[in-house]
Amino acid sequence: MYALVDVNSFYASCETVFRPDLRGRPVVVLSNNDGCVIARSAEAKKLGINMAEPYFKLRGLLERHGVVVFSSNYALYADMSMRVMTLLEEMAPAIEIYSIDEAFLNLTGIDNCVSLEQFGREVRQRIAQCTKLGVGVGIAPTKTLAKLANHAAKKWSRTGGVVDLSNPLRQRKLLALTAVEDVWGVGRRLGKRLGAMGITTAIQLADADTAFIRNNFSVVLERTVRELRGEACLAIEALPATKQQIVSSRSFSHRISDYQAMREAVCSYASRAAEKLRTEKQYCRQVSVFIRTSPHDTASKYYANQATSRIPIPTQDTRDIIALALHGLERIWQPDQRYIKAGIVLGDFFNHGVAQPGLFDEFRPRANSDSLMTLLDTYNRSGRGKIWFAGQGVNQDWKMKREMLSPAYTTRYNECPVANLR
DNA sequence: TCTGGGGTCCTAGGACCC
DNA sequence: TCTGGGGTCCTAGGACCC
């Protein structure tokens with residue numbers, strides 16, 4: 001049996017935990033650059049504010065209803081997440097941290113001591129007591145059904161935030177009430193295609209022929225069908241898999257047309273990506289850089305391009321990654337464009353920095369690279385200040401907007417720790 | 001004027017090998 | 001006139017998740 005535990009309105013709740021004066025008031029949290037809404041308190045949801053709506057379009061409505069608005073404060077959310085996950089780890093034999101606010105629990109052996117539903121209530125109570133955050137708990141024999149149970153626990157308040165779907169009859173009852181798009185793994189596109197075939201509810205999907213689904217869709221959707229029937233196809237992954245790529249990208253606070261500003265941004269993203277690579281204890285051989293204008297700009301033609309550079313010996317040295325990124329940037333840079341976003345993607349990972357160089361390769365690894373990078377990372381995490389590369393610039397006026405940022409209640413700085421939350 | 005930032009997996013098709 | 005059968009690797013694109 002599995003449980004899915006997730007925090008209600010996670011980002012919005014993290015903000016109100018430290019502002020009891022805001023309890024009962026509508027609260028929303030914005031994406032980076034104060035772009036669009038990515039979290040809403042229950043009160044804000046009631047006002048009809050949708051997920052991913054652009055802030056500038058909502059401004060009037062938000063003001064009229066006295067909605068409290070926050071920029072995202074990832075340092076705070078990451079810290080609160082860690083507290084919740086630590087509590088869950090104490091309560092279950094194994095957990096899989098699925099996202100910043102969700103975890104799957106392996107419930108093996110739990111029902112020897114207490115009913116599963118009772119266990120769900122204890123989880124809720126303990127997390128509320130220690131963090132003041134509310135969670136929903138869905139319990140079922142497969143992950144997909146546990147997701148569905150969790151969904152139901154949030155939707156119907158008389159469940160008290162816990163739904164146990166051990167019973168197959170209850171499973172079918174809930175499946176019949178669920179739209180196919182609300183199934184985990186079915187998005188808008190698949191929902192539409194399924195709808196055209198007459199499959200509009202979760203129970204119809206569960207009863208569909210697996211061979212038919214496999215032929216017309218993919219093995220992924222076939223697994224979903226089986227999971228809905230109670231046949232577990234997905235296991236708890238207690239150890240996070242090694243990453244296959246690392247992305248570091250941001251939109252700018254305003255449009256950029258100046259090469260120097262773009263160069264600073266690319267250097268900064270490359271440096272950040274290299275830091276993440278080192279926390280993953282990986283070395284990479286491929287660095288891509290991408291730049292683009294805004295697709296919403298109607299005045300000028302949309303331009304988006306990317307360039308990939310490779311290095312013969314895997315590296316985790318910021319200097320190599322910056323050099324590769326800038327080499328790519330030179331190839332795709334076009335003057336007279338109004339750029340809105342740039343980013344770096346690292347790929348082709350190795351877990352060591354050794355490779356057989358070609359006989360005629362001129363490239364040689366840098367001496368003492370590991371010690372220098374370790375020194376850099378240790379110092380930057382010490383809280384005494386930051387060392388950065390000259391190419392990253394000093395003023396950085398392209399840096400993202402965060403005009404409604406809350407204080408660092410639980411951490412010393414409002415910078416996201418390099419610690420990785422998948 | 002203003003529209004986020006990360007990830008994963010799967011499939012199809014092309015290039016190439018013997 | 002007629003031209004096999006079995007692979008691998010890579011990339012782009014599509015779909016999904018939070």
Side-chain angles (χ1 to χ4, degrees), chain A residues 4 6-7 9-11 28-39 50-60 62 69-74 77-78 81 96-104 143-144 147 150-151 180-194 213-224 233-234 237 240-255 269 272-273 276 280 285-286 288 290 292-299 302 306 308 310 338 340-349 400-403 416 418 420-422:
Chain A
L4 178 71
D6 87 327
V7 184
S9 311
F10 182 53
Y11 296 170
V28 300
V29 178
L30 304 179
S31 63
N32 277 334
N33 254 319
D34 297 339
C36 40
V37 171
I38 51 168
N50 291 322
M51 198 69 167
E53 262 190 278
Y55 175 49
F56 74 93
K57 283 188 186 168
L58 284 172
R59 241 181 179 142
L62 298 178
V69 182
F70 287 99
S71 303
S72 340
N73 184 345
Y74 284 101
Y77 313 149
S81 172
E96 172 185 340
I97 299 175
Y98 179 67
S99 76
I100 193 163
D101 74 326
E102 284 176 69
F104 285 103
K143 282 177 153 184
T144 307
K147 267 272 191 188
N150 177 282
H151 204 242
V180 76
E181 289 91 353
D182 291 339
V183 172
W184 186 43
V186 179
R188 217 178 303 153
R189 307 280 172 96
L190 281 178
K192 218 172 166 184
R193 281 179 61 197
L194 288 166
I213 294 292
R214 179 131 193 190
N215 290 336
N216 288 275
F217 297 91
S218 71
V219 64
V220 183
L221 193 62
E222 182 188 345
R223 277 199 283 259
T224 302
C233 302
L234 306 168
E237 319 243 348
T242 315
K243 280 194 200 312
Q244 304 192 30
Q245 61 174 37
I246 286 172
V247 181
S248 170
S249 79
R250 283 280 183 284
S251 299
F252 309 127
S253 53
H254 57 88
R255 308 286 195 262
Y269 302 161
R272 168 90 181 119
K276 288 195 208 171
E280 286 281 309
R285 233 166 43 169
Q286 189 176 298
S288 302
F290 68 84
R292 64 172 178 79
T293 62
S294 169
H296 304 288
D297 250 348
T298 43
Y302 178 58
Q306 67 103 40
T308 300
R310 297 181 59 84
R338 300 175 69 237
I340 187 61
K341 187 172 182 178
I344 298 291
V345 184
L346 307 182
D348 200 3
F349 292 169
M400 68 174 174
K401 261 193 305 200
R402 292 204 288 180
E403 285 169 355
C416 202
V418 176
N420 199 314
L421 285 149
R422 300 191 72 189

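Only a predicted model underlies this, so the values are computations on that prediction, with no experimental measurement involved. Each chain gets a letter, A, B and so on, in the order the sequences are listed, and its residues count up from 1.
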When you measure from the side chain of [X], which nucleotide among [options] comes out closest?
{"X": "A/Val247", "options": "B/dT11, B/dC2, B/dG7", "value": "B/dG7"}
{"X": "A/Val219", "options": "B/dC10, B/dC2, B/dG4", "value": "B/dC10"}
{"X": "A/Asp101", "options": "B/dC9, C/dA15, C/dC18", "value": "C/dC18"}
{"X": "A/Ser99", "options": "B/dG7, C/dC18, B/dT3", "value": "C/dC18"}

To the nearest angstrom, how far is [X] atom [atom1] from [N] atom [atom2]?
{"X": "A/Gln245", "N": "C/dC17", "atom1": "CD", "atom2": "P", "value": "18 Å"}
{"X": "A/Leu346", "N": "B/dT8", "atom1": "CG", "atom2": "P", "value": "12 Å"}
{"X": "A/Phe252", "N": "B/dG4", "atom1": "CZ", "atom2": "C1'", "value": "14 Å"}
{"X": "A/Met51", "N": "B/dG4", "atom1": "CE", "atom2": "P", "value": "13 Å"}
{"X": "A/Asn73", "N": "B/dG4", "atom1": "CG", "atom2": "P", "value": "19 Å"}
{"X": "A/Glu53", "N": "B/dC2", "atom1": "CD", "atom2": "P", "value": "18 Å"}
{"X": "A/Ile38", "N": "C/dC18", "atom1": "CD1", "atom2": "C1'", "value": "10 Å"}
{"X": "A/Glu181", "N": "C/dC16", "atom1": "CD", "atom2": "P", "value": "10 Å"}

Using OP1 and OP2 only, check whether a side-chain N or O of [X] sits under 4.0 Å from [N].
{"X": "A/Ser249", "N": "B/dG6", "value": "yes"}
{"X": "A/Arg255", "N": "B/dT1", "value": "no"}
{"X": "A/Lys57", "N": "B/dT1", "value": "no"}
{"X": "A/Lys147", "N": "C/dC17", "value": "no"}
{"X": "A/Ser251", "N": "B/dG5", "value": "yes"}
{"X": "A/Lys276", "N": "B/dG6", "value": "yes"}

Looking at side-chain heavy atoms only, is the closest gap between [X] and [Y] below 4.5 Å?
{"X": "A/Ile100", "Y": "A/Tyr77", "value": "yes"}
{"X": "A/Phe349", "Y": "A/Glu280", "value": "no"}
{"X": "A/Val345", "Y": "A/Ile246", "value": "no"}

Remember a base hit wins even if backbone is also touched, and classify [X] as base, sugar-phosphate or nothing at under 4.0 Å, heavy atoms.
{"X": "A/Lys401", "result": "nothing"}
{"X": "A/Leu30", "result": "nothing"}
{"X": "A/Asp34", "result": "nothing"}
{"X": "A/Arg188", "result": "sugar-phosphate"}
{"X": "A/Ser248", "result": "sugar-phosphate"}
{"X": "A/Gln244", "result": "sugar-phosphate"}

**Message:** In this structure, which stretches of DNA chain C are paired as stems of three or more consecutive Watson-Crick or G-U pairs, both distances less than 3.5 Å?
**Reply:** B:5-18 with C:5-18
**Item:** Rounded P spacing from B/dT3 to C/dC18 in Å
**Value:** 25 Å
**Request:** Please state whether the rings of A/Tyr269 and A/Phe252 are parallel, tilted or perpendicular, taking 30° and 60° as the class boundaries.
**Result:** parallel
**Asked** Between A/Arg250 and A/Asp297, which has a closest nucleotide on DNA chain B that is more 5'?
**Response** A/Asp297
**Prompt:** Considering residues at least two apart in sequence or located in another chain, which fulfil the side-chain hydrogen bond (donor to acceptor under 3.5 Å, both in side chains) criterion with A/Asn33?
**Reply:** none
**Message:** Suppose we screen for side-chain hydrogen bond (donor to acceptor under 3.5 Å, both in side chains). Which residues come up paired with A/Gln286, at least two apart in sequence or across chains?
**Reply:** A/Arg310
**Message:** Check this for me, if you would: do A/Lys147 and A/Glu102 make a salt bridge, where the nitrogen-to-carboxylate-oxygen distance has to be below 4.0 angstrom?
**Reply:** yes
**Asked** With distance as the sole test, does A/Ser72 use its side chain to make a donor-acceptor pair with the main-chain N or O of A/Tyr74 at under 3.5 Å?
**Response** no
**Item:** Rounded distance (nearest 0.5 Å) linking atom CZ of A/Arg402 with atom CG of A/Asn32
**Value:** 7.0 Å
